[in-house]
Enquirer: 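The structure is given below, and queries will be raised subsequently.
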Number of protein chains: 2
Amino acid sequence: MSEPASIQHLLALRAQGFRMTPQRVAILRVLDECGCHLSPSEIHQRAGEMIPNLTETTVYRNLDFLAQQGLVLIAHVGSGRIVYESAAHHHHHLYCRHCGFSVDINHEELAPLYKHIQDKTGFILDTSHVTFFGVCPQCANKENTKEN
Amino acid sequence: MSEPASIQHLLALRAQGFRMTPQRVAILRVLDECGCHLSPSEIHQRAGEMIPNLTETTVYRNLDFLAQQGLVLIAHVGSGRIVYESAAHHHHHLYCRHCGFSVDINHEELAPLYKHIQDKTGFILDTSHVTFFGVCPQCANKENTKEN
DNA sequence: AGTACTATTGTTATTTTTCACAATAAGGAC
DNA sequence: GTCCTTATTGTGAAAAATAACAATAGTACT
């Protein structure tokens, strides 16, 4: 079995003068293998098992770098901290701002909008992470009954 | 001239047991008057002129609260810090992840998508802030010329 | 293999953001 | 106005995130 796609992608970055350091590879691998959201400190912890004295600073820097390069996605969870996930997973999130319940939204749902915005602005849009906020059905019910 | 709409909104929250403190009013007023993005520390600075010994902690707490109540919007700028803006301004952002250039997107552009998601998930979506990331035309050109 | 270049790392210090808890003050009832 | 309840504040301390800079180590070249 060869390297996962993300690592291949990382290799490609060498052509642009970027380097493939063990720290960078480890961070990417952690996100790949998890396939879920991870906070910087969680990533630091897991990647630290492969890279003995990995620094938090380095983790932050690389998450930034990998996000810029499109290899990882930034997910704005709730109204708080930022978490990251491998770009292999193309979906978005919808959060209830009352109870925190979340729903995945497939990227296909956004495709028409993306096309529209691209045509209109000339930007090439990342398929990266978008987070929507709202009120879930249960909480909406509670609000209504309270008001009536 | 009566109070701005946001303050009226805040008054309405009293019915739910929340309180209208001078700190809260000041923070909301700062965002209203600015009409633009402000970081928590900028907000603290400006609101601090009205409320002598206003704490950073209080600013953070109230921004959180006001965002939850839908009175202010959270805007995720670039891949970094969170900034806030008054909910009076209903637009979204598209950022170039290379140069940071940004474009406003009117909420109307998102309306069809919002309807679609609401129908499908049963959520009631906030009109609050959504940020898209992409590559602006200039940067896209640079990338292409580099590759060829 | 050895060298040079420079992207990237670790270090140290600083800033930003959150937390826990006692003190305060907003709002309702009298 | 006074009293009561408790949401909200400030305080002090911790955790998370960023910045500057010298040391390290990928990468391309020979």
Side-chain angles (χ1 to χ4, degrees), chain A residues 3 7 9-30 37-48 50-69 71-72 74-84 100, chain B residues 3 7-28 37-48 50-69 71-72 74-84 100 146:
Chain A
E3 296 294 339
I7 302 292
H9 218 140
L10 196 47
L11 273 161
L13 291 180
R14 281 209 289 220
Q16 297 173 50
F18 298 115
R19 293 179 187 171
M20 194 169 95
T21 66
Q23 292 88 340
R24 197 163 275 175
V25 173
I27 289 167
L28 196 50
R29 190 175 295 246
V30 163
H37 291 158
L38 289 175
S39 71
S41 80
E42 283 168 330
I43 295 167
H44 174 244
Q45 205 170 356
R46 299 194 190 190
M50 311 183 211
I51 311 287
N53 45 6
L54 177 67
T55 316
E56 296 253 14
T57 305
T58 295
V59 172
Y60 280 105
R61 267 185 304 220
N62 273 316
L63 288 174
D64 234 41
F65 170 82
L66 293 170
Q68 271 204 355
Q69 299 304 324
L71 294 190
V72 307
I74 298 171
H76 304 283
V77 175
S79 63
R81 299 265 173 69
I82 289 174
V83 296
Y84 294 84
Chain B
E3 295 294 340
I7 303 292
Q8 297 296 342
H9 218 141
L10 197 46
L11 274 161
L13 291 180
R14 281 209 290 220
Q16 297 173 51
F18 298 115
R19 293 176 186 173
M20 194 170 95
T21 65
Q23 292 88 341
R24 198 164 273 174
V25 173
I27 289 167
L28 196 50
H37 292 160
L38 288 175
S39 71
S41 80
E42 284 168 331
I43 295 167
H44 173 245
Q45 204 171 357
R46 300 194 191 190
M50 313 183 208
I51 312 286
N53 44 5
L54 177 66
T55 316
E56 297 254 15
T57 304
T58 296
V59 172
Y60 279 104
R61 267 187 302 221
N62 273 317
L63 288 173
D64 234 39
F65 170 82
L66 293 170
Q68 270 204 357
Q69 299 305 325
L71 295 190
V72 308
I74 297 171
H76 303 283
V77 176
S79 63
R81 301 264 171 69
I82 289 173
V83 297
Y84 293 84
K146 201 192 286 177

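A note on names: the letters A, B, ... follow the listed sequences, proteins ahead of strands, and every chain is numbered from 1. Atom set for the values below is all heavy atoms of this structure, side chains included, hydrogens, waters and symmetry mates excluded.
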Enquirer: One pair to check against side chain to side chain contact (heavy atoms under 4.5 Å, CB included): B:Leu10 and B:Gln69. What are the steps and the verdict?
Expert: CA-CA 9 Å; B:Leu10 197 46; B:Gln69 299 305 325; over 6 Å; no
Enquirer: Can you tell me the distance, in whole Å, between the CD atom of B:Gln45 and the C1' atom of C:dT15?
Expert: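 That distance rounds to 14 Å.
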Enquirer: Please name the pair of heavy atoms, one in B:Glu56 and one in B:Ser41, separated by the smallest distance, quoted to 0.1 Å.
Expert: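 Taking B:Glu56 first and B:Ser41 second, the nearest heavy atoms are OE1-CA, 4.3 Å.
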Enquirer: Please report, rounded to the nearest Å, how far the C1' atom of C:dT15 is from the NE2 atom of B:His44.
Expert: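 Roughly 14 Å, once rounded to whole Å.
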Enquirer: Can you check whether B:Phe65 reaches B:Leu13 side chain to side chain, under 4.5 Å on heavy atoms?
Expert: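 Side chain of B:Phe65 against side chain of B:Leu13, heavy atoms only: contact under 4.5 Å found.
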Enquirer: Would you mind building the protein contact string for nucleotides 20-30 of chain D? One character per nucleotide, 5' to 3', B for base within reach (heavy atoms under 4.0 Å), S for sugar-phosphate only, - for untouched.
Expert: B----BBS---
Enquirer: Between CZ of B:Arg46 and CD1 of B:Ile27, what distance do you get to the nearest 0.5 Å?
Expert: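 Here the interatomic distance stands at 13.5 Å.
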Enquirer: If we only count heavy atoms from C-beta on, is the A:Arg61 to A:Thr55 side-chain gap below 4.5 Å?
Expert: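 Side chain of A:Arg61 against side chain of A:Thr55, heavy atoms only: no contact under 4.5 Å found.
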Enquirer: Rounded to whole Å, how long is the line connecting atom CD1 of B:Ile51 with atom C1' of C:dA25?
Expert: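 It works out to 13 Å between those atoms.
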Enquirer: My understanding is that only residues two or more places apart in sequence, or in another chain, count here; which of them pass side chain to side chain contact (heavy atoms under 4.5 Å, CB included) with A:Thr21?
Expert: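 Side chain to side chain contact (heavy atoms under 4.5 Å, CB included) check on A:Thr21 returns A:Arg19, A:Gln23, A:Arg24.
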Enquirer: Roughly how many Å is it from CG in A:Asn53 to P in C:dT12, rounded to a whole number?
Expert: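 Nearest whole value for this atom pair: 13 Å.
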Enquirer: Measure the spacing between CG of A:Leu54 and CD1 of A:Ile43 and express it to the nearest 0.5 Å.
Expert: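 CD1 of A:Ile43 is found 10.5 Å from CG of A:Leu54.
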Enquirer: Using the side chain to side chain donor-acceptor pair (under 3.5 Å) criterion, which residues pair with A:Glu42? Sequence neighbours excluded.
Expert: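 So A:Glu42 forms a side chain to side chain donor-acceptor pair (under 3.5 Å) with A:Ser39.
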Enquirer: Suppose we screen for ring pair (Phe, Tyr, Trp, His ring centres under 6.0 Å). Which residues come up paired with A:Tyr60, at least two apart in sequence or across chains?
Expert: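 If we apply the ring pair (Phe, Tyr, Trp, His ring centres under 6.0 Å) test to A:Tyr60, skipping adjacent residues, there are no hits.
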Enquirer: Looking across every strand, which nucleic acid part, if any, lies under 4.0 Å from A:Gln23 by heavy atom: base, sugar-phosphate, or nothing?
Expert: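 Sugar-phosphate contact only.
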Enquirer: Take the protein atom CG of B:Asn62 and the nucleotide atom C1' of C:dA26, then report the distance between them rounded to whole Å.
Expert: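 Answer to the nearest Å: 13 Å.
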Enquirer: Would you mind reading off the distance between A:Ile27 atom CD1 and C:dG10 atom C1', rounded to a whole angstrom?
Expert: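 Checked: the CD1 to C1' distance equals 13 Å.
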Enquirer: Through what angle, rounded to 10 degrees, does the axis of the helix from C:dA1-D:dT30 to C:dC30-D:dG1 turn between its ends, using five pairs per end?
Expert: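 End axes: 40° apart.
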Enquirer: For a quick test of reading the model: is some side-chain N or O of B:Thr58 closer than 4.0 Å to OP1 or OP2 of D:dG10?
Expert: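 Yes, B:Thr58 has a side-chain N/O under 4.0 Å of OP1/OP2 on D:dG10.
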Enquirer: Between A:Arg24 and B:Tyr60, which is nearer to the 5' end of DNA chain C once each is assigned its nearest nucleotide?
Expert: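 Checking each residue's closest nucleotide, the 5'-ward one belongs to A:Arg24.
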Enquirer: Taking atom P of D:dA16 as reference, at what distance in whole Å does atom CG of A:Leu63 sit?
Expert: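 After rounding, the gap between these two atoms is 14 Å.
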Enquirer: Please report, rounded to the nearest Å, how far the C1' atom of D:dT11 is from the CG atom of B:Leu54.
Expert: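 From B:Leu54 CG to D:dT11 C1': 14 Å.
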